[in-house]
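A quick note: this is a predicted structure, and the numbers were derived from the prediction, not measured. Throughout, a chain's letter reflects where its sequence line sits, starting with A, and its residues are numbered from 1.
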2 protein chains.
Amino acid sequence: MRPTVHDIAAEAGVSLATVDRVLNRRPGVKDATRLRVEAAIAAIGFVRDMAAANLAKSRVYPFTFILPAGDNSFMRGLERHVREAMARPAADRVAISLVIVPPFDGAAVARALDAAKVQDPAGIAVVAVDAPEVMDAALRVQASGIPLVTLVSDLGASCRDHFAGIDNHAAGRTAGSLMRRFVGRVPSATETIAVLAGSMLVRDHRDRLEGFRSALSETCTLLPVLEGQDDPAATERLIADLLARHPDVAGIYSLGAGNRGLIAALQRHSGPRPRAVIAHELTPHTRAALEADLIDAVLNQDAGHEVRSAIRVLKAKADGIPAVEAQERIRIDIFLKDNLPFPDEADGKVLRPSGSGSGEN
Amino acid sequence: MRPTVHDIAAEAGVSLATVDRVLNRRPGVKDATRLRVEAAIAAIGFVRDMAAANLAKSRVYPFTFILPAGDNSFMRGLERHVREAMARPAADRVAISLVIVPPFDGAAVARALDAAKVQDPAGIAVVAVDAPEVMDAALRVQASGIPLVTLVSDLGASCRDHFAGIDNHAAGRTAGSLMRRFVGRVPSATETIAVLAGSMLVRDHRDRLEGFRSALSETCTLLPVLEGQDDPAATERLIADLLARHPDVAGIYSLGAGNRGLIAALQRHSGPRPRAVIAHELTPHTRAALEADLIDAVLNQDAGHEVRSAIRVLKAKADGIPAVEAQERIRIDIFLKDNLPFPDEADGKVLRPSGSGSGEN
DNA sequence: CTGTTAGCGCATTCAC
DNA sequence: GTGAATGCGCTAACAG
């Protein structure tokens, strides 16, 4: 049997209450006593049973998550993962309120932040829009002492406590590397590459573009960036036009959403498709396109990981624990047709089992 | 407040004990009563607090892990993750005994299995060697009612309850796809590709080779498979010889271990290196090689995920819960220089935070 | 400053 | 078949 608080108490010759005070760094213990208890803890190698502690505390962490509306598959997947976390409050003693705001609407996000603030939750997670009014609202949240985490899309580092998302510059570089390799090297000829973004107004898209450019450097010729506003219809028109105008385009990098439009355009296109098509986020659409050989690679951020990480960080911040940033880094997954995970996993509909997580998986 | 067993008891007009019997599907309850309790559970939407349940049970799961010795970096990483799990028994009420056996030694694995069996643990996890005596021992373990999980390298499906590892055929296909793309398409010319394996006697290597072949089909010419026995020195000789003999080799796929030898040979080689080099498992060596542009891509299986998954499955089996196979699938990670995770993560030395795991992750 | 006591939500003896 | 009582390891009122 592992040592318990009783064992510490016995070893140190004090009562449970004192042990608890020392354990939780609470005041009201003479230094000498504290030292004795700490010695006892070290001596018998005590490790606190967090499950029991949480049970006794019966503390709940009220968190607010703010997500954009719209039919963006990735965002809806994100929402599903949040709802999943809401559905098992048992596991982590978390009570999440979910707020959906209009997409790409800084004012709406700012209002939602202010509204959340007055509820005084133990923490807020928000898919940020890179606008001044959002930053102001974020600063107000922070000023009121509520931990704030940005999700997927970041704000300035000074306006939030943590960012739960991928390194978008690295993602862009990764896409660039793959593009270079996939397009192939035709000696002494630079290839033409097209980039499709949602909007250069959001930070993650800008970062990806920059990374992509830096990886391709002078290897290829980049056409002017197309902006589809993450809208499938607009995107389809842009891509159809591109394919018509540049039959020789060797690769397309879609760094935003609206991939349904891209896929539709590729499908409708009669000529040979570009040698390399790379997109972001594994959704039912991009998955199908991978399987149908319309897309060659998909870079993905695991929405489930991001949500769970955000929750862990918010809890840590709420408890005043510094939360090891390095451990909460979100990976950039690369998926080809051949290493697609099962639909349930990345894409998924299913809850995790009783155990822990992986992390984690 | 979430409903508790007391609420059920009140709602159904029975005692806690009866509620508990129904909850845990134990006999000794009249059908009519059982129905009433179940109705109450459904009515108030009760969900059992597993943390509290485990606390009350104070059950511990004694598990035995059997791993190969040797200086294989991947295996040592695996061992580190097992030790990590041993170090925090608090989290999952697991008590792991770790047994290290000589590598590639079927007889030793079989002996270790038999030795573990007599301890009567709640489950056994083993990095299998594909040999008849191991299968026999596995069957003996299963016959004695102890759940058995193979880790990383599988045995016949009939000899174990679960396999915690990647789909190696898919991994081979993935490598093949990447190889095809990385080598580039030189119209009307097939390229020469070399495959380096550890040994065709282990199942995962065979599976990878098969997948690789199927993905490349007639696109490339595969040289006869080199077998380095996962030994760096032998591997280095093989590769040096290969590079000398086939200066035109376009790609190398290293599907086993011993990558230090491969890397050393590439480093020493004076001429241009093959256009594409793909290896398995992210270790300090392959990571450094990726960063130094000696290797182009690394396929990886997350050892930490595998260990945690094995534990989850063993616990589920021990409790008689069927364990959702689909949720325990291990992903095939693709790493390029550009999307390398931080050292601590895949490669890592650090423990996870207090929270759950992402996934896991 | 320190100790006593009563739970947190659930499982498990034992009586009835 | 069913119920009352006790405890898992820890925290949080209260007393002292």
Distance-only check: which donor-acceptor pairs under 3.5 Å involve side-chain atoms of residues 17-25 of chain B, not counting sequence neighbours?
| unit_1 | atom_1 | unit_2 | atom_2 | d |
| --- | --- | --- | --- | --- |
| B:Asp20 | OD1 | B:Asn24 | ND2 | 3.0 |
| B:Asp20 | OD2 | B:Arg26 | NH2 | 2.2 |
| B:Asn24 | OD1 | B:Arg48 | NH2 | 2.5 |
| B:Asn24 | ND2 | B:Asp20 | O | 3.2 |

Heavy atoms under 4.0 Å, any strand shown: does A:Val19 hit a base, just sugar-phosphate, or nothing? nothing

Suppose we screen for side chain to side chain contact (heavy atoms under 4.5 Å, CB included). Which residues come up paired with B:Ala138, at least two apart in sequence or across chains? B:Leu148, B:Leu155, B:Cys159

Residues which pass side chain to side chain contact (heavy atoms under 4.5 Å, CB included) with A:Arg76, listed by chain and number, not counting sequence neighbours: A:Glu79, A:Ile100

Taking only residues two or more places apart in sequence, or in another chain, which ones meet [X] in a side chain to side chain donor-acceptor pair (under 3.5 Å)?
X        : answer
B:Arg59  : none
B:Thr150 : B:Asp154
B:Glu306 : none

Which letters describe nucleotides 7-16 of chain C, given B = protein heavy atom under 4.0 Å from base, S = only from sugar-phosphate, - = neither? BBBBBB----

One would report the end-axis bend of the helix from C:dC1-D:dG16 to C:dC16-D:dG1, five pairs per end and rounded to 10 degrees, as 40°

Taking A:Ser58 for the side chain and A:Leu55 for the main chain, is one N or O donor matched with an acceptor at less than 3.5 Å? no

Which residues satisfy the salt bridge (charged side-chain N to carboxylate O under 4.0 Å, His left out) test with B:Asp120, sequence neighbours excluded? none

N-O pairing of A:Asp319 and A:Lys57 below 4.0 Å: no

Straight-line distance of A:His162 NE2 to A:Arg312 CZ, nearest 0.5 Å: 9.0 Å

Within residues 30-37 of chain B, find the residues that approach DNA chain C with a heavy atom at under 4.0 Å, and present them sorted by residue number. none

Distance-only donor-acceptor hits, side chain of residues 4-13 of chain B, under 3.5 Å, sequence neighbours excluded:
| unit_1 | atom_1 | unit_2 | atom_2 | d |
| --- | --- | --- | --- | --- |
| B:Thr4 | OG1 | B:His6 | N | 3.1 |
| B:Asp7 | OD2 | B:Thr4 | N | 2.7 |

Using the heavy-atom set of chain B and a strict 4.0 Å cut-off, write down the first and last nucleotide of DNA chain D that makes it in, 5' to 3'. D:dG1 to D:dG9

pair A:Leu314-A:Lys317: side-chain heavy atoms closer than 4.5 Å: no

